[in-house]
Amino acid sequence: MEFGNNNFYIVAETERLVVRPLIIADYNNWLSECKSRLPSQHQYDEGSSDMSERTVEWFSDFITYHQELAVKDKAYIFGVFRKEDGKHVGMIDFSTIERDVFQWGRIGYSIHNHYWNNGYGKEAVKEAIKVAFNKLGFHRIEAHINVDNGPSIKLAESVGMEFECIRKGFIFEFGEWTDNLIYFKNSI
């Protein structure tokens with residue numbers, strides 16, 4: 001990827017998945033899969049939601065915003081798609097925390113709940129971490145996970161991330177400052 005251009009597009013493939021930025025042609029697929037989500041399975045699962053305001057124009061702006069974040073090296077947002085049928089199964093994102101001598105980023109991941117228990121999260125996150133190290137230039141990737149988010153903890157551990165610490169009052173969500181577990185992986 002070249003910084004300073006207006007187009008960020010990295011593609012990574014696993015045996016079953018393609019991890020890449022969203023494009024406008026993904027709109028119907030993305031919308032259909034978001035609408036297909038089951039009701040929320042736990043506190044950290046978005047579950048089904050009203051998508052009526054998620055028009056093609058909204059989606060186009062969404063993609064443009066993702067591109068702007070990438071060009072500014074603030075964040076890199078990827079869709080996760082099944083190879084067999086092209087279905088959109090989730091999202092993975094990296095946020096730049098600090099560059100300079102740190103090359104430090106944060107990962108976030110979400111698989112639509114109707115695709116859970118197929119190993120897609122593990123497969124996609126493993127590949128995305130390789131992209132973070134080999135193409136985005138990060139040395140350290142952290143996952144910031146709520147202390148009671150068992151599925152996310154399990155996923156982080158399954159891809160080789162190591163528990164480092166608990167950061168107290170780290171993120172403001174649910175109307176309060178919440179503690180987060182910090183899992184990390186270094187490029188060496």
Side-chain angles (χ1 to χ4, degrees), residues 1-14 16-34 44 46 49 51 53-83 86-112 120-145 152 155-156 159-161 167 170-173 180 182-188:
M1 192 197 104
E2 294 178 29
F3 293 101
N5 67 21
N6 291 323
N7 192 17
F8 156 70
Y9 201 79
I10 293 174
V11 178
E13 295 187 18
T14 69
R16 301 180 300 159
L17 303 172
V18 176
V19 178
R20 63 167 175 78
L22 295 171
I23 58 174
I24 196 69
D26 295 323
Y27 174 70
N28 289 328
N29 181 5
W30 171 86
L31 184 64
S32 174
E33 293 308 319
C34 288
Y44 304 108
E46 184 179 349
S49 59
M51 301 299 288
E53 294 185 20
R54 303 301 194 243
T55 64
V56 70
E57 292 81 14
W58 178 92
F59 191 72
S60 179
D61 291 344
F62 185 58
I63 291 170
T64 299
Y65 181 63
H66 290 179
Q67 289 290 326
E68 290 169 0
L69 290 172
V71 168
K72 293 175 183 175
D73 191 36
K74 291 183 180 268
Y76 301 90
I77 300 149
F78 297 91
V80 179
F81 300 86
R82 276 197 318 209
K83 279 185 176 179
K87 296 288 187 183
H88 178 261
V89 299
M91 300 292 290
I92 295 176
D93 65 273
F94 293 100
S95 302
T96 301
I97 297 174
E98 182 67 42
R99 286 294 189 175
D100 275 335
V101 297
F102 297 100
Q103 301 303 325
W104 177 23
R106 182 211 52 85
I107 188 173
Y109 39 80
S110 174
I111 300 297
H112 299 309
Y120 295 143
K122 179 179 180 178
E123 190 172 331
V125 169
K126 239 177 151 172
E127 188 63 25
I129 288 173
K130 290 179 194 173
V131 168
F133 293 149
N134 300 327
K135 296 188 178 182
L136 301 178
F138 290 111
H139 164 69
R140 178 186 174 94
I141 294 296
E142 289 184 355
H144 304 161
I145 304 172
S152 188
L155 177 55
V159 298
M161 298 186 86
R167 290 195 185 136
F170 185 59
I171 295 176
F172 190 79
E173 57 187 353
N180 270 207
I182 305 304
Y183 279 80
F184 79 97
K185 189 164 184 77
N186 287 338
S187 63
I188 55 171

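Predicted model, so just to flag it, every value in this text is computed and none were measured.
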Is the shortest side-chain heavy-atom distance between [X] and [Y] below 4.5 Å?
X      : Y      : value
Val131 : Leu136 : yes
Asn186 : Phe133 : no
Arg82  : Arg16  : no
Arg20  : Tyr9   : yes
Tyr76  : His66  : no
Val19  : Glu13  : no
Tyr183 : Glu142 : no

Minimal non-hydrogen separation, [X] against [Y], with atom names:
X      : Y      : result
Glu123 : Leu17  : OE2-N, 3.7 Å
Leu31  : Met51  : CD1-CB, 3.8 Å
Asn29  : Gly86  : ND2-O, 2.5 Å
Ile24  : Ile63  : N-CD1, 3.4 Å
Gly90  : His112 : N-CD2, 3.9 Å
Ala156 : Ile145 : CB-CD1, 3.9 Å

Are there more than 12 heavy atoms of other residues, nucleotides or ligands under 6.0 Å from atom NZ of Lys83?
yes
Side chain to side chain contact (heavy atoms under 4.5 Å, CB included) between Leu22 and His88: does it pass, once the steps are laid out?
CA-CA 10 Å; Leu22 295 171; His88 178 261; 4.1 Å; yes
At what distance, to the nearest 0.5 angstrom, does [atom1] of [X] lie from [atom2] of [Y]?
X      : Y      : atom1 : atom2 : result
Glu68  : Thr64  : CD    : OG1   : 6.5 Å
Ser32  : Tyr27  : OG    : OH    : 11.0 Å
Ile141 : Lys130 : CD1   : NZ    : 14.5 Å
Lys185 : Met161 : NZ    : CE    : 8.0 Å
Ile92  : Ile77  : CD1   : CD1   : 12.0 Å
Glu33  : Ile111 : CD    : CD1   : 11.5 Å

Any donor-acceptor pair under 3.5 Å from Asp93 side chain to Ala75 backbone:
no
ring-ring contact (aromatic ring centres under 6.0 Å, His included) between Phe102 and His139, intermediate numbers included:
CA-CA 7 Å; Phe102 297 100; His139 164 69; 10.0 Å; no
Classify the side-chain pair Tyr109/Ser152 by whether it contains a donor and acceptor separated by less than 3.5 Å.
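Yes, Ser152 and Tyr109 have a side-chain donor paired with an acceptor closer than 3.5 Å.
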Just by distance, no angles: are the side chains of Thr14 and Glu127 close enough, under 3.5 Å, to form a donor-acceptor pair?
no
Validate the cation-pi geometry between Arg140 and Phe184: distance from NZ or CZ to the six-membered ring centre under 6.0 Å, angle to the ring axis within 45°.
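Here Arg140 passes the 6.0 Å and 45° test against Phe184.
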Steps toward ring-ring contact (aromatic ring centres under 6.0 Å, His included) verdict (Trp104, Phe138):
CA-CA 6 Å; Trp104 177 23; Phe138 290 111; over 10 Å; no
Go through Phe81 and Val89 one step at a time and tell me if the side chain to side chain contact (heavy atoms under 4.5 Å, CB included) criterion holds.
CA-CA 6 Å; Phe81 300 86; Val89 299; over 6 Å; no
Mind running side chain to side chain contact (heavy atoms under 4.5 Å, CB included) on Glu46 and Ser110 for me, showing each step along the way?
CA-CA 9 Å; Glu46 184 179 349; Ser110 174; 5.9 Å; no
Should the ring pair Trp58 and Phe62 be called parallel, tilted or perpendicular, given that the plane angle runs from 0 to 90° and is split at 30 and 60?
parallel
Run the ring-centre check on Phe78 versus Phe8 and record whether the distance is less than 6.0 Å.
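Aromatic pair counts; centres sit under 6.0 Å.
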Report the C-alpha distance between Thr96 and Lys74 in whole Å, list the side-chain angles of each, state the deciding distance to 0.1 Å, and finish with yes or no for side chain to side chain contact (heavy atoms under 4.5 Å, CB included).
CA-CA 5 Å; Thr96 301; Lys74 291 183 180 268; 5.7 Å; no
